[in-house]
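One structure below.
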Amino acid sequence: MYPCAPFEQNDWIYIMPITSGHWDALCAAMDRTDLLVDERFADMAARRIHKDELYDIVCSWTSERSKHEAMQTLGEAGVPCSAILDTRELHRDPHLTQRNFVKMVEHPGHGEVPLLGFAPRMSESEVELKAAPLLGQHTQEVLLQDLAIDEGRFAKLKNDGVVE
């Protein structure tokens, strides 16, 4: 496993060439076939020993591309990799939005907000997404119904400032 390679602050890609085929594809994709005959990187054990040097080589290559460009190049070459996306990028990802994984939910304080759907997708069921409750939104319901506090006691707690 190779470390993530930084592009710029908060921009990372995870690259994981596990097999010798992945290693060959990584070297070819980076246009660094010279690494295939470099004894420092002859096998997984050697690459682990020289991981700092290899990290610098991969970082040099990735620093010339966006994380999405690097992911596309490596993915097309057959190298397991993924750009690490932040929440904003996930909400705007074309693949996720096309597959209807990003759901819009009405929030009482913020209007319509995007949420990521339930990851396991099943053909016969849909997990409903709801906005998180506001602070104290269900206090009265919980106290009266779940904790069996009577209306008079609840009113006193509210008047005394114990609950809102």
Side-chain angles (χ1 to χ4, degrees), residues 1-138 142 146:
M1 181 168 79
Y2 296 98
C4 297
F7 295 81
E8 47 188 70
Q9 188 176 9
N10 300 322
D11 237 3
W12 293 78
I13 185 169
Y14 187 72
I15 304 169
M16 192 170 172
I18 299 170
T19 68
S20 59
H22 294 154
W23 169 249
D24 295 349
L26 174 63
C27 293
M30 294 191 312
D31 198 24
R32 290 296 309 268
T33 53
D34 60 297
L35 300 176
L36 296 171
V37 293
D38 189 323
E39 286 302 313
R40 297 173 300 164
F41 312 121
D43 57 25
M44 185 69 85
R47 291 192 286 273
R48 263 191 233 112
I49 292 168
H50 299 282
K51 68 180 187 267
D52 293 336
E53 296 156 83
L54 186 54
Y55 180 82
D56 291 341
I57 291 167
V58 173
C59 284
S60 175
W61 182 81
T62 59
S63 68
E64 298 172 0
R65 294 153 182 79
S66 75
K67 64 185 174 185
H68 296 284
E69 291 168 332
M71 180 176 68
Q72 182 172 353
T73 299
L74 296 175
E76 288 173 356
V79 180
C81 65
S82 178
I84 299 174
L85 306 180
D86 64 25
T87 304
R88 181 177 302 255
E89 290 171 311
L90 287 169
H91 287 155
R92 295 179 176 156
D93 183 78
H95 178 75
L96 296 178
T97 54
Q98 182 181 33
R99 293 191 41 84
N100 200 28
F101 187 70
V102 179
K103 308 284 186 182
M104 299 306 289
V105 175
E106 189 64 34
H107 187 277
H110 300 287
E112 196 173 62
V113 296
L115 292 178
L116 298 177
F118 188 63
R121 305 292 288 269
M122 297 172 274
S123 60
E124 299 290 324
S125 68
E126 178 76 22
V127 174
E128 180 187 356
L129 295 180
K130 298 187 269 185
L134 298 174
L135 181 63
Q137 181 176 338
H138 298 110
V142 169
D146 297 343

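The model shown is predicted, which means the values in this text are computed figures rather than measured ones. Computed over heavy atoms, backbone and side chain alike; hydrogens, waters and symmetry mates excluded.
- Counting heavy atoms from C-beta outward, Arg92 and Thr97 have side chains that stay 4.5 Å or more apart.
- Between the side chain of His22 and the backbone N or O of Thr19 there is at least one donor-acceptor pair closer than 3.5 Å.
- The shortest heavy-atom contact between Leu85 and His68 is CD2-CE1, 3.5 Å.
- For the pair Trp23 and Leu36, the minimum side-chain heavy-atom distance is below 4.5 Å.
- His50 and Phe41 have perpendicular rings, their planes meeting at more than 60° on a 0 to 90° scale where under 30° would count as parallel.
- Contacts classified as salt bridge (Lys or Arg N to Asp or Glu O under 4.0 Å) and involving residues 102-113 (residues at least two apart or in different chains) are given here: Lys103-Glu126.
- Looking at Thr73, its side chain never comes within 3.5 Å of a backbone N or O of Ala70 through a donor-acceptor pair.
- Residues Ala77 and Ala25 approach most closely at O-CB, 3.3 Å, considering heavy atoms.
- Within a 6.0 Å sphere centred on CG of Leu134, other residues, nucleotides and ligands contribute more than 12 heavy atoms.
- Looking at Pro17 and Ile15, their side chains come closer than 4.5 Å, going by heavy atoms from C-beta outward.
- Across Ala131 and Val105, no two heavy atoms sit closer than the pair N-CG1, 3.3 Å.
- The CG atom of Leu35 lies 7.0 Å from the CG atom of Leu54; values are rounded to the nearest 0.5 Å.
- Atoms CZ and CG, from Arg99 and Leu96 in turn, are 9.0 Å apart once rounded to the nearest 0.5 Å.
- In this structure, CZ on Arg48 lies 10.0 Å from NZ on Lys51, to the nearest 0.5 angstrom.
- Applying the salt bridge (Lys or Arg N to Asp or Glu O under 4.0 Å) definition to pairs two or more places apart or across chains, those involving residues 15-40 are Arg32-Asp34, Asp38-Arg40, Arg40-Glu53.
- Remark: side-chain polar atoms of Gln72 are not paired, donor with acceptor, to backbone N or O of Glu69 under 3.5 angstrom.
- The closest donor-acceptor contact from the side chain of Ser60 to the backbone of Asp56 lies at 3.5 Å or more, if one exists at all.
- Lys130 contributes atom NZ, which lies 12.5 Å from atom CG of Leu115 (distance to the nearest 0.5 angstrom).
- Distance CG/Leu116 to OG1/Thr87: 7.5 Å, rounded to 0.5 Å.
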